[in-house]
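Structure, as structure tokens:
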Amino acid sequence: RFSHLTLDTAKLLHGFGIYVPLALVMITVLCCHSRGKSRWHDLHAGICGVLTAIGLSEGATVLLKTYVHRLRPNYY
């Protein structure tokens, strides 16, 4: 399917797309959370926000690809 992506490139993209945002949310909440709220509530809300954004982005991409019905051009 993605013959031009090597295994290392796919792992790198997966890491930057999912693990880096989740790590940034965890570091931010654990280090700089507000005093009045529960730290775990903020952490849960941040992780849910990141995962929701990833899911909505993936869903919109698949929906548009299905609607357009065109393959990507192969220039090489």
Side-chain angles (χ1 to χ4, degrees):
R1 183 175 171 184
F2 298 110
S3 60
H4 63 280
L5 290 178
T6 63
L7 186 59
D8 293 333
T9 306
K11 283 184 181 181
L12 184 68
L13 290 173
H14 192 259
F16 275 110
I18 294 174
Y19 297 127
V20 170
L22 288 175
L24 289 174
V25 166
M26 285 191 245
I27 290 169
T28 303
V29 169
L30 294 175
C31 294
C32 309
H33 77 284
S34 59
R35 295 286 176 208
K37 295 187 205 174
S38 169
R39 176 183 293 186
W40 303 114
H41 173 74
D42 289 344
L43 182 62
H44 179 260
I47 290 173
C48 285
V50 169
L51 293 178
T52 301
I54 292 170
L56 287 173
S57 173
E58 182 68 23
T61 302
V62 169
L63 182 70
L64 287 173
K65 282 182 179 181
T66 304
Y67 178 71
V68 170
H69 291 292
R70 285 178 59 188
L71 298 175
R72 286 189 217 144
N74 189 358
Y75 293 115
Y76 52 91

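Start at 1 with the first residue, then count along the sequence.
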Set of residues satisfying side chain to side chain contact (heavy atoms under 4.5 Å, CB included) with respect to Tyr67, sequence neighbours excluded: none
Can you list everything that forms a ring pair (Phe, Tyr, Trp, His ring centres under 6.0 Å) with Tyr19? Sequence neighbours excluded, please. His14
Between Pro21 and Gly17 the two heavy atoms that sit nearest each other are CG-O, 3.6 Å
Just list the side-chain donor-acceptor pairs under 3.5 Å for residues 44-61, sequence neighbours left out, or say none.
residue	atom	partner	partner atom	Å
Thr52	OG1	Cys48	O	2.7
Thr61	OG1	Ser57	O	2.8

For residues Val68 and Val62: do they belong to one hydrophobic cluster (side chain heavy atoms under 4.5 Å, members Ile, Leu, Val, Met, Phe, Trp, Tyr)? no
Rounded at 0.5 Å granularity, tell me how far CG in Leu43 sits from CD1 in Ile27. 11.5 Å
